[in-house]
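Please read the structure below before turning to the comments.
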Amino acid sequence: MTYIAGEYDVIVIGAGHAGCEAALASARMGCGTVVFVMNMDRIANLPCNPSIGGTGKGHLVREIDALGGQMAITADKALIQMKMLNTSKGPAVYSLRSQIDRGLYQKEMKLELEKQENLDIRQHEIVEILFDTDENQVKTVRGVVTNLGTVYYGKCVVICTGTYLKSRIIIGDVVYDGGPDGEFPAAKLSNCLLKAGLTLLRFKTGTPPRVNKRSIDFTQMEEQPGDDRIRPFSFDHDEMEIEQVPCWLTHTNENAHKIIRDNLHRSPLYSGVIEGKGPRYCPSIEDKVVKFPGRDRHHIFIEPMGKDTYEMYLAGLSSSLPEDVQIAVAKTVRGLEDVKFNRCGYAIEYDCFDPMQLKPTLEFKNVRGLFSAGQSNGSSGYEEAAAQGLVAGINCALKLQERQPFTIDRSEGYIGVLIDDLVTKGVSEPYRMMTSRAEYRLVLRQDNADMRLTETGWKIGLVSDKKYNAFCKKKELVEKEIARVMKTVIPPSEVVNEFLARHNSTPIISGMKLDDLIKRPELDYIMLKDLDPDRETLPYAVQEQVSISVKYEGYIKKQLIQVEQYKRLENRKIPESIDYKLIDGIRVEARDAMAKVRPASLGQASRISGVNPSDITVLQIYLEQTRRRPKVEEKQNDQEAE
Amino acid sequence: MFISDRDTIAAISTAVVNSGISIIRISGEDAFPIADKVFKGKQSVMDMTSHTVNYGKFISMDGEVIDEILLLKLDGPKTYTRENTVEINCHGGVNVTNNVFHEIVKAGARIAEPGEFTKRAFLNGRIDLSQAEAVMDLINAQTDTASKIAIAHLQGKFSSAVKEVTNRIVDVSAEIEYHIEFNDDDMDGPTMGRLVASLTECSNRLKKILDTYDTGKIHREGINVVIAGRPNTGKSSLMNEVLGSDRAIVTDIPGTTRDIIQDYANINGIFVNISDSAGIRETGDVIEKIGIGKSYEAAKNADLILYMLDLQSDLNSEDIKFLEMFKDKNILIILNKTDLVSQEQTKQKVSAIRCETRHDPVTLSLKSGQGIEGLYERFKQMLHPGQADPKNQAIVTNVRHKNSVQTAYQAVNEAIRGFKEETPVDLITIDLNIAVHQLGLITGETASDDIIDRIFSSFCVGK
C-alpha cells in the first residue's frame, strides 16, 4: 500500500543554496511548500569553501537581496570578513567577497526555513518524480516518492539536487559513491529523469584539503585582512561593525610542483578515471602545474572555516591526487611544513541537466510544472545556485497563481545573464558567473542592484513593504542629490584653487559646475565635499550611488544606448507554438539549434550558437508573415461577408 | 550584433556617378527632424504638407551652404517603406552628393544596409517576397559580374585585415578581464604599457585601412581623369582612343579644343569620368584663355592627370609650370608620336623626362596604335593599387564599412586615452567592446552564406 503523506503546491528537492531560496520564495509568496533534504544538519552547506561573493558572484548576492531573497541577509549574519574587490579596476567590477562562518550560516539558514510560514522541511531522499501524461504525450509533474516509498503530491516540483545525483568521490585511485562533505549520494533519481526523456550531463568539481590551525606557522605567511569599512551584502544593513578574521597567503614552489609531476600517473584526472567535465576557472593544483609549467609558484589562501573551529581550508590546493601526495605537497609549502590534515581534498562527479531543456523561468520545456535550479543545471557556485533557486521558486508561485512569469533580461541583472546563458547557450563545463559575461556591466553594478530590481521584487510580492519603503527613500535621496550636484556651480576662489592644486587638478578661472569637477579623473564626489558647503550628510550607500552616477555619466550613457538597441530585439517575442520546420531559408544547423532552444524572443534566438544574422532575418520575415496572415484572412472573410 | 529596424536610415538611391541629379532617401521615425537639421527653406520640414516638393538650401551641420536642393516630404504609411520618408534631390556631382549624404548621416541617420529599404518595405507589408526578389533581379542584371568578383577579392583581404585587428583587441580585452575576474592585485605598469602598445598598433592598422578609403572610392564611384598638355600633343586623339569613338574633334590646328569635353569610359573594369581639356599655352585669344583656365580647374579636381607631350619637342616653361603646380597629384606623362621619331630618340627623351620631372613616362603613338596597350597597363597599375601593391593592402570600398572602421578606430583611441588618463579598466572595456562590435558588423556579414540574407544584401542600397 502506498502511503500518501500530503499534497503541496510546491515541492523542492534539496536544501542547498538553490533549494533554500526556492522554498522560501514559494512559501513567502503564499504557496504550501515542502522542502526535502537528505540530512537536516546539512541545510545550506558550504562544502567547497567558506566564502560567499567574489567577482560577479557578489553582484548576484546583492540582486538576490534586492528581489527579496535570503542569501545576503544570512551571509551578513555569518560574516567574519568582508572585502570589496577590484576597487582600482572600476565601479562596474567592484565586487563584494566575504569569509563566512560555515556553521553559523547553516544554522541561521536552517532556522529561517524552520520559522517560515507555509514551509515544511522533511528529511528524505527523493527517489522518483511522478508524472501525468495526457493524450498528446505531454507530461505534467504530479509529485515525488521518497526512499521510504511515501508519496507527496505537488503541483510544481523544483529539482535542486546540487552535486548529489549519482555522485562519486575520487581521491587518487580510490573511487566510491558519495556526496559532498561525507554525505550520501542520491543514486536513484537520475534513472527516473532519464526515463522521463530528460538529457543529463556528467560534470566534475573539487575541493581543497582542510587542516588544523595549530599546525600552521602563520609567521611565514602574508596576512590578508578585511576592509576597514564593511559594506554588507544586504541593502537592509547599513553599516556593520564586527571583529574580522584574517585569511593568510602563501605559495606553492618548485618542490611542490616536482612532487605533483612525479605523481601525475596516480592522478585520476590524467589516468582517465574522471570522466566528468571540470571547470577551467577553478582548476586543481595538478591542472595548474601541468597547464602552466612556466609558473614557479601558485597562490594558496588559508581560509578559516568559522570562528568556533580550528579547521582551515587550503584554498588553491584543490586536488584529487592520492592522500599521501596531497600531504607531501602541502608540507613543502612555506608555513605548512608541519601541517596536520583533517580532511583530504577530493574530486566529485555528478549528474546534471543540459540546461538548454529549460525555459528562462527554469521550468522544463517538456514537463509542465517541473523546474530545476542550481548546480543541477550545470552551474557552479553557491551564489549562482541561490539566484536560480529564487527565480524558480518565484515562477512556481506565479504559475500557480496564474500570473505572468518572471524573468530578468541581460540588461537588468546578472541573474538574467546567468539564466539566459544557461538556457540559450548550454554548458560545456560548470558555469561560473563573471562580470565579463555581462555586456552591460556598467549599468549592472553591485551598488545599484536595488535600483534595478527592488521595485520588481515588491510587485511580485517578495519584497516586504518595509524594505520597499526604505528603498524608495534611498532612491529619492539619490535622485535629489544628483539633481542638486548637477545644478551646483563652484565659483573660483583661492580656497578652491588651492584645493585643486593639492590634487593636481587644473585651477578654475570662472565658475565651474560641480559635476564637471567630479568628472575630472583626479577628483571624485566624496573628496569634493570640502568645496560643496550645501551638501547634507547622506548614508554611505547613497553617496556611493551619486558618486558613480555622476562621475561615469558619459560611459553610462554610452551603455544605455547599447541597452536600448538590445531591448528592441528582446521585445520581439516568438510564439511558443512556432514550428521551425515550416520556415524555409533557415540553415539546417540554425534550425536544429533554434528548435532545441525554442527561444522566447528574436534577441534570445540571435544568441544561440550556430544561428547567424541571416537566420534571424529569415525568422523575422516569417514572424511578420504569420502575423500578417490572419489579418489577410480576416479581410477576405469581411469581403465574403459583404 | 544585429542592426536595429527602428533606426532612421539613409542612402544615396541613384548610382553614384556625375549625373544631373542625385536622390538621397531618408526613412524612419526621425526622418523629418533629421532632414530639418540640414534644410533651410520657406518652412521647416515639420510644417511641410505631405507629398509636396520644397525648394531650399542644404546646410551642413557647421552651417555652410552645400547645395540647392528639392526636398520631397512623405508621411508614412503612404511611402515605399511605409515609414516617414524624405527624398532629397541634389546636384549630381559625386562630391556634392557625397557631402550631402555625409551631412545627413552626421545629422543622425544611419547608413542603410544593402537592401534595407526593400527589407523594410517587405517587413512593413508594402511588398511581398516575390516582388522583393524581382527588384533584386533587376538590379543584378545591371551588375557586372567581373567587377563583383574584383570587389569580393578586395573584400577578402579587407575582412582578413579587420579580423586580425579584431583578434588583437579581443586579446587585450581578455587580458583585462583576466585581471578583473581572477587577479586580486592591481594591474601593473608594464602590463598596462604592453596593452597600450598593442592597442596603438590596432589604432595604426585601422588608420591605415581608413586611409585606403579614398583608393577604395575608385572602385565604388569611379575616378576623374583629365587629359592635359600643350596644344596639339594629341589630347583629343587620346580621348577618342579611350572612348572608342570620335567624341572630340581632332585637327592639327593648335587650340581646337576650347571647352572641356567630358565622357564616361570603362578602363579595365574601372569606371572613369574622362575629360579632354584645352591645350595650355600663352594666348591672346579670349575664348581660348577661358578654356585654358578651365583646364587648370579640371586638373585641380582630377584623381589622375594624363599629361601629354609631343616627342618632337622639349619640355617648355608651360609644361614645367603645370607639372610643378600639380606635383601632389597622380600624374602620368605620355610621350606621343613615337611614329615620327627614331627609337633612339625616344629612349633619350624618356631618360631626359625622367631626369627632369621624376615621372616615369609611357611612350606611344596614337596614330599607329603602338604602345597603347602599355598605356592601359600603366593606367591599371595606377588605379588598382590592390594589384599593384605587392603587399596586397586591404582597401575599404564601402561607406558603411568605412563608418564601422571609423567608429572602431575612435573607440580604440578612446581606450588608449582611457589608459593614459588612468580611467578604471572596466570602462576601457566598454570602448573595446564597441570596437569589436563595429568590426564584427563587417566580418559577420561577409561570413554569411544564406540565401535570404543574400536577397537583401545584394540589393543596392535604396533599391
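Scope of the values below: all heavy atoms of this structure, side chains included, with no hydrogens, waters or symmetry mates. Within every chain, numbering begins at 1; the chains are lettered A, B, ... in the order of the sequence lines, protein sequences first and strands thereafter.
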Output for pair (A:Thr435 OG1, B:Asp426 CG), nearest 0.5 Å, gives 8.0 Å

Residue A:Lys573 excluded, over 12 heavy atoms near NZ under 6.0 Å: yes

With a 6.0 Å cut-off (strictly less than), is the heavy-atom count around CZ of A:Arg297, excluding the residue itself, greater than 12? no

Measuring heavy-atom distances to chain B, does A:Tyr440 have an atom under 4.5 Å in its side chain, in its backbone, in both, or in neither? neither

B:Glu177 portion near chain A, given a 4.5 angstrom heavy-atom threshold: side chain

Can you tell me which of A:His299, A:Glu439, A:Lys558 forms the most heavy-atom pairs within a distance under 4.5 Å of chain B? A:Lys558

Once rounded to the nearest 0.5 Å, what's the spacing between atom CZ of A:Arg441 and atom CD1 of B:Ile430? 7.5 Å

To the nearest 0.5 Å, tell me how far A:Ile561 CD1 sits from B:Ile434 CD1. 8.5 Å

Once rounded to the nearest 0.5 Å, what's the spacing between atom CZ of A:Arg568 and atom CG of B:Asp7? 5.5 Å

All heavy atoms of B:Pro424 vs all of A:Gly90, minimum pair found to be CB-CA, 3.1 Å

To the closest 0.5 Å, what do you measure between CD1 (B:Ile180) and OG (A:Ser95)? 9.0 Å

Apply side chain to side chain donor-acceptor pair (under 3.5 Å) to B:Asn84 and list each qualifying residue two or more places apart in sequence or on a separate chain. none

B:Leu427 and A:Tyr555: which non-hydrogen atoms are nearest, and at how many Å? O-CE2, 3.6 Å

CD-CD distance between B:Glu421 and A:Glu522, expressed to the nearest 0.5 angstrom: 9.0 Å

